[in-house]
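Notes follow the structure.
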Amino acid sequence: MMGEEEAHGLTIYGYPQCPFCRRVFNAAASLGLEIPLRNTLFGGEDKRDLKEAVGRTTVPVLRIEQEGANTVWISESADIVAYLEERFGTTA
Ligand SMILES: N[C@@H](CCC(=O)N[C@@H](CS)C(=O)NCC(=O)O)C(=O)O
């Protein structure tokens, strides 16, 4: 199982009831990743942060924080899954 350390810096904005978010949760689980969720369903600070960063509140969105680099936000479930598979998947 991929340790938290390797998934460090990743955060998913979304909510469990969102089917597009579930695609991302499932892909993360398949890859053994534990990525923290910021639940945007009920508004609040997380939804505000998302809106501020990407200009809209459609989810899922993956936030990627890397030391020494700008924070990157990826929208679209298919793009997020592709990113996770490319970064953490094996070709075995
Ligand atoms: N094409 C997008 C669709 C995402 C989408 O429709 N998300 C819904 C929730 S399941 C949503 O955020 N709707 C509210 C909005 O678009 O502001 C994807 O695959 O990520």
Side-chain angles (χ1 to χ4, degrees):
M1 183 141 182
M2 189 71 64
E4 254 175 58
E5 200 155 318
E6 273 189 78
H8 183 76
L10 300 183
T11 306
I12 296 170
Y13 284 70
Y15 48 92
Q17 300 86 342
C18 155
F20 295 98
C21 301
R22 283 208 292 268
R23 287 186 189 168
V24 173
F25 303 148
N26 290 342
S30 296
L31 293 164
L33 298 168
E34 285 182 36
I35 304 177
L37 173 68
R38 295 287 168 86
N39 192 320
T40 60
L41 183 57
F42 304 112
E45 196 182 333
D46 293 329
K47 192 168 183 177
R48 252 196 334 271
D49 290 347
L50 180 62
K51 172 93 188 199
E52 226 174 81
V54 302
R56 52 194 291 199
T57 57
T58 302
V59 289
V61 173
L62 179 70
R63 187 184 69 192
I64 307 160
E65 293 179 300
Q66 285 168 319
E67 218 174 296
N70 289 335
T71 298
V72 173
W73 301 73
I74 304 181
S75 300
E76 289 299 324
S77 54
D79 292 346
I80 296 169
V81 169
Y83 170 84
L84 293 176
E85 285 178 346
E86 182 166 331
R87 179 164 168 194
F88 298 104
T90 60
T91 51

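Whatever order the structure lists ligands and atoms in, that order sets their numbers, starting from 1.
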As a test of the contact definition, would atom 5 (C) of ligand 1 count as having a protein heavy-atom neighbour under 4.0 Å?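 For atom 5 (C) of ligand 1 the answer is yes, since some protein heavy atom falls inside 4.0 Å.
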
Is there at least one protein heavy-atom neighbour under 4.0 Å from atom 13 (N) of ligand 1?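 There is no protein heavy atom less than 4.0 Å from atom 13 (N) of ligand 1.
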
Gap separating the [atom1] atom of [X] from the [atom2] atom of [Y], nearest 0.5 angstrom:
| X | Y | atom1 | atom2 | answer |
| --- | --- | --- | --- | --- |
| Tyr13 | Asn39 | OH | CG | 11.5 Å |
| Ile35 | Leu10 | CD1 | CG | 5.0 Å |
| Glu76 | Phe20 | CD | CZ | 8.5 Å |
| His8 | Glu34 | NE2 | CD | 14.5 Å |

Taking heavy atoms and a distance under 4.0 Å, where does Tyr13 meet ligand 1: side chain, backbone, both or neither?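 No part of Tyr13 is near ligand 1 at this cut-off.
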
Looking only at protein heavy atoms, identify the closest one to [atom] and say how far it is in Å.
| atom | result |
| --- | --- |
| atom 8 (C) of ligand 1 | Val59 O, 3.8 Å |
| atom 1 (N) of ligand 1 | Glu76 OE1, 2.8 Å |
| atom 16 (O) of ligand 1 | Thr58 OG1, 2.7 Å |

Under 4.0 Å from a heavy atom of [X]: which atoms of ligand 1 are those, numbered in the order shown and with their elements?
| X | value |
| --- | --- |
| Cys18 | 9 (C), 10 (S) |
| Pro60 | 20 (O) |
| Ser77 | 18 (C), 19 (O), 20 (O) |
| Tyr15 | 9 (C) |

Determine yes or no for a side-chain-to-main-chain donor-acceptor pair under 3.5 angstrom, with Arg63 supplying the side chain and Ile12 the backbone.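 Absent.
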
Is any N or O atom of Arg23, backbone or side chain, closer than 3.5 Å to an N or O atom of ligand 1?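 N/O-N/O distance under 3.5 Å: no.
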
Would you say Thr40 and Tyr15 make side-chain contact, with heavy atoms under 4.5 Å?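 The answer is yes, as the side chains (C-beta and beyond) meet within the 4.5 Å cut-off.
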
Over 12 foreign heavy atoms within 6.0 Å of CD, Gln17: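 Yes - once you tally the heavy atoms of other residues, nucleotides and ligands closer than 6.0 Å, there are more than 12.
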
Would you name the heavy atoms of Ile80 and Pro60 that are closest together and state the gap between them?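 It is CD1-O, 3.6 Å.
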
Is Pro19 near ligand 1, meaning one of its heavy atoms is under 4.0 Å from it?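 The answer is yes: ligand 1 sits under 4.0 Å from a heavy atom of Pro19.
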
